[in-house]
Enquirer: 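I'd like to ask some things about the structure below.
All residue numbers refer to positions in the sequence shown, counting from 1.
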Amino acid sequence: MSTRRFDTLPAAFQHNATVDPDAVALRIPGDAATLTWREYAAQVRRVAAGLSALGVRRGDTVASMMSNRIDFYPLEVGAQHLGATSFSVYNTAAPEQIAYVLGNAGARLVMCEPRYVELIRASGVELDHIICVDDAPEGTLPVAGVIAAGEENFDFDAAWRAVRPDDIATLIYTSGTTGNPKGVETTHANLMFECYAVDQVLGIRFGDTITSYMPTAHIADRLTALYFQEVFGTQVTCVADPTGIGAALADLHPTIWGAVPRVWEKLKAAIEFAVANEPAEDRRAALHWALAVAARRSAHQSSGEPVPEAVAAEWARADRLVLSGLRAKLGLDRVRWAISGAAPIPAETLGFFAGLGIPIAEIWGMSELTCICSVSHPGEARLGTVGKLLPGMRARLADDGELHVRGPLVMKGYRGEPGKTAEAVDSEGWLSTGDVITIDDDGYLRVVDRKKELIINSAGKNMSPTNIENAIKAATPLIGAIAVIGDGRPYNTALVVLDAESAGPYAARNHLPDPSAAALSADAGVIERIAAGIAAGNARLSRVEQVKRFRLLPTFWEAGGDEVTLTMKLKRRVIAEKYATEIAELYDADRGAAVHEPSAPVATATDSALTRS
């Protein structure tokens, strides 16, 4: 746990840069490129001088559009040291979206990779400068040129010491499910409180290792791979292509790590596939035995029961002989703690990893609360809950079950939208979260669902679509995303899509010539497995919650696309409008050929998953 406390990010960074200057602060897998703290600090100083020469001052706003790369860090942190508000734009944004975000932010310059220059120009936003890493297209400035412009007499220390806790450190544009995103203004004080509060619960040390692979426009990556580094001195491995996270984990063996539920689900499916297809019979038998032991221990932990001595002893043997090697192969053998957040995760997935001996804590939070607002150490976590509120935060429940939160994590406001800020945060500082949550006698929070997304069927029964969707996804990793329909309807139905990233490998394993969404969604074998998976998920639900019909859509839902946000949260209103015809057909009296019903599970040798091995 950190003992020294600082009140701004630059102050913390300057301290950590002196702890072990020759330690590696930034790297890419395989150490093909690295940056020590000494080199990092020197680059930050030079970038700050160069940006100052371009006219960037405290309170100005600068934006970035880059993949997860080492170059991002000195540029971002250099801007911070001038007291600028530095934020990232989603790399998948269209020109009109870029125009809105840059305009709302009041950005003066953008730091980007050359491939984004034309998109930025197509947005039509007037900027003072576009700074490019790598090659600098005509009309842009190379980073080297910016640094060369820095004045020798620039007073770097005076600049970063002038940064105040209530200065806006960054803007987080919510990937909201409707309308234009809102720019959450997050101050240095917000971020410093967040970092120290998470440290108080989980513990973060100088030299802890972690990856950066999520979009830097998302608060989850900024907090865990940028702000934690500045405040605690962690080492960050930059993974430019998120599909390579599995190989990056095996390369790094991080000590702390986090992922969104879909990543954990894919890791689980990959393990299950590898076990099912282990060619050596004795090895396969050992793996099946170890996973069965892990499941038994996890079942006791999930129900809050003490693990019987016999089960604990057998698990220790399974761990020694099999599970420890499995963790090492995954690259998660050194992890002290891991977290899952941004969306609810199936309890079965958490239980699976708990059984393997990988300590995951589910977190809850939101951009308006600086990211994480509740978490418990994995050693104290209760599966199915999102832990307890961080120390220093307060909560209350409204009459309808919505959680209201007050404390130092609450945002300064929405950029340029005082009306929406007042709607979200009342005069006493209580933030309306929009989440329906229960709190038990010990202070553990359990998320029911988003207040506006609860299903109320035609009989007046309230249900959580997320709970239903997670039960089904846990039963079949073939599903990339599922949207349960049922509000005002007599029964629940679902739109199902397959996982785009894994379609090719699945088709190859099953000798299917066409890996397209259209072909796979029409394949009888795929439909049969989806039907069996939904039936298995239904078995865990009450009768009224069960999905009676479904259709497998001939398309993929890409993260950040029309249907889902970048963290795979469903844009339910958009889905309801876009697929209105398909949804109506799910309720037709005469079931069409594209509408299917759940069926009893059929065991097959390749029932593993639509996932990469």
Side-chain angles (χ1 to χ4, degrees), residues 26 28-29 61-73 75-77 79 85-95 97-98 100-102 104-105 107 110-113 115-116 119-120 123 133 169-177 180-184 186 191 210-229 236-246 248-249 257-264 266 339-343 363 365-368 370-372 480-481 500-501 556-571:
L26 295 158
I28 62 174
T61 305
V62 300
S64 296
M65 285 189 77
M66 296 181 214
S67 59
N68 304 66
R69 53 189 290 161
I70 289 176
D71 314 62
F72 162 79
Y73 285 79
L75 292 170
E76 168 79 18
V77 178
T85 298
S86 49
F87 78 104
S88 294
V89 179
Y90 283 110
N91 297 339
T92 54
Q97 294 170 320
I98 295 172
Y100 177 80
V101 168
L102 294 182
N104 177 260
V110 177
M111 306 178 287
C112 68
E113 294 172 354
R115 57 179 164 164
Y116 300 122
L119 274 174
I120 293 166
S123 74
V133 297
T170 194
L171 298 170
I172 300 298
Y173 279 88
T174 61
S175 52
T177 55
N180 285 322
K182 298 185 288 289
V184 176
T186 306
L191 290 166
I210 194 170
T211 60
S212 169
Y213 67 101
M214 294 180 283
T216 56
H218 197 285
I219 186 58
D221 190 79
R222 283 190 160 260
L223 178 65
T224 60
L226 171 63
Y227 303 133
F228 280 177
Q229 182 190 56
V236 176
T237 294
C238 301
V239 184
D241 181 356
T243 63
I245 190 58
L249 288 176
W257 198 62
V260 296
R262 188 60 184 147
V263 172
W264 289 115
K266 286 191 174 186
I339 54 179
S340 177
I363 65 168
M366 53 198 304
S367 300
E368 289 87 344
T370 319
C371 192
I372 300 172
E501 187 181 307
F556 296 126
W557 287 354
E558 302 282 4
D562 288 347
E563 297 89 355
V564 293
T565 69
L566 280 153
T567 53
M568 296 302 288
K569 292 178 184 174
L570 298 176
K571 300 180 181 179

Enquirer: Do the ring planes of Tyr213 and Trp257 sit parallel (below 30°), tilted (30 to 60°) or perpendicular (above 60°)?
Expert: parallel
Enquirer: Evaluate Tyr116 against Val110 for side chain to side chain contact (heavy atoms under 4.5 Å, CB included), listing each step before the verdict.
Expert: CA-CA 10 Å; Tyr116 300 122; Val110 177; over 6 Å; no
Enquirer: Run the side chain to side chain contact (heavy atoms under 4.5 Å, CB included) test on Leu570 and Trp557 for me, step by step, so that the C-alpha distance in whole Å, both residues' side-chain angles and the decisive distance to 0.1 Å come before the verdict.
Expert: CA-CA 10 Å; Leu570 298 176; Trp557 287 354; 3.9 Å; yes
Enquirer: Could you check whether any side-chain N or O of Tyr173 sits under 3.5 Å from a backbone N or O of Phe87, counting only pairs where one atom can act as donor and the other as acceptor?
Expert: no
Enquirer: How long is the span from the SG atom in Cys371 to the CG atom in Leu223, to the nearest 0.5 Å?
Expert: 4.5 Å
Enquirer: To the nearest 0.5 Å, what is the distance between CD1 on Ile219 and OG1 on Thr224?
Expert: 9.0 Å
Enquirer: Could you list the residues that satisfy side chain to side chain contact (heavy atoms under 4.5 Å, CB included) with Ala94, not counting sequence neighbours?
Expert: Glu96, Gln97
Enquirer: Taking only residues two or more places apart in sequence, or in another chain, which ones meet Ala217 in a side chain to side chain contact (heavy atoms under 4.5 Å, CB included)?
Expert: Ser88, Tyr90
Enquirer: Sequence neighbours excluded, which residues qualify as side chain to side chain contact (heavy atoms under 4.5 Å, CB included) partners of Asn68?
Expert: Ser212, Thr216, Asp221
Enquirer: Could you work out, with salt bridge (charged side-chain N to carboxylate O under 4.0 Å, His left out) as the rule, every residue matching Glu368, not counting sequence neighbours?
Expert: none
Enquirer: Side chain to side chain contact (heavy atoms under 4.5 Å, CB included), that's the test. Do Glu76 and Met66 meet it? Break it down for me.
Expert: CA-CA 11 Å; Glu76 168 79 18; Met66 296 181 214; over 6 Å; no
Enquirer: Might you work through the side chain to side chain contact (heavy atoms under 4.5 Å, CB included) test for Leu26 and Gln229, ending with a clear yes or no?
Expert: CA-CA 10 Å; Leu26 295 158; Gln229 182 190 56; 3.5 Å; yes
Enquirer: Roughly how far apart are Met65 CE and Ile98 CD1, rounded to 0.5 Å?
Expert: 4.0 Å
Enquirer: Going by the rule salt bridge (charged side-chain N to carboxylate O under 4.0 Å, His left out), which residues pair with Asp562 if we only count those two or more places apart in sequence or in a different chain?
Expert: Lys578
Enquirer: Mind checking side chain to side chain contact (heavy atoms under 4.5 Å, CB included) for Ile363 and listing every partner two or more places apart, or none if nothing turns up?
Expert: Ile339, Ile372, Val375
Enquirer: Out of Val184, Thr61, Thr186, which residue meets the side chain to side chain contact (heavy atoms under 4.5 Å, CB included) rule with Leu171?
Expert: Thr61
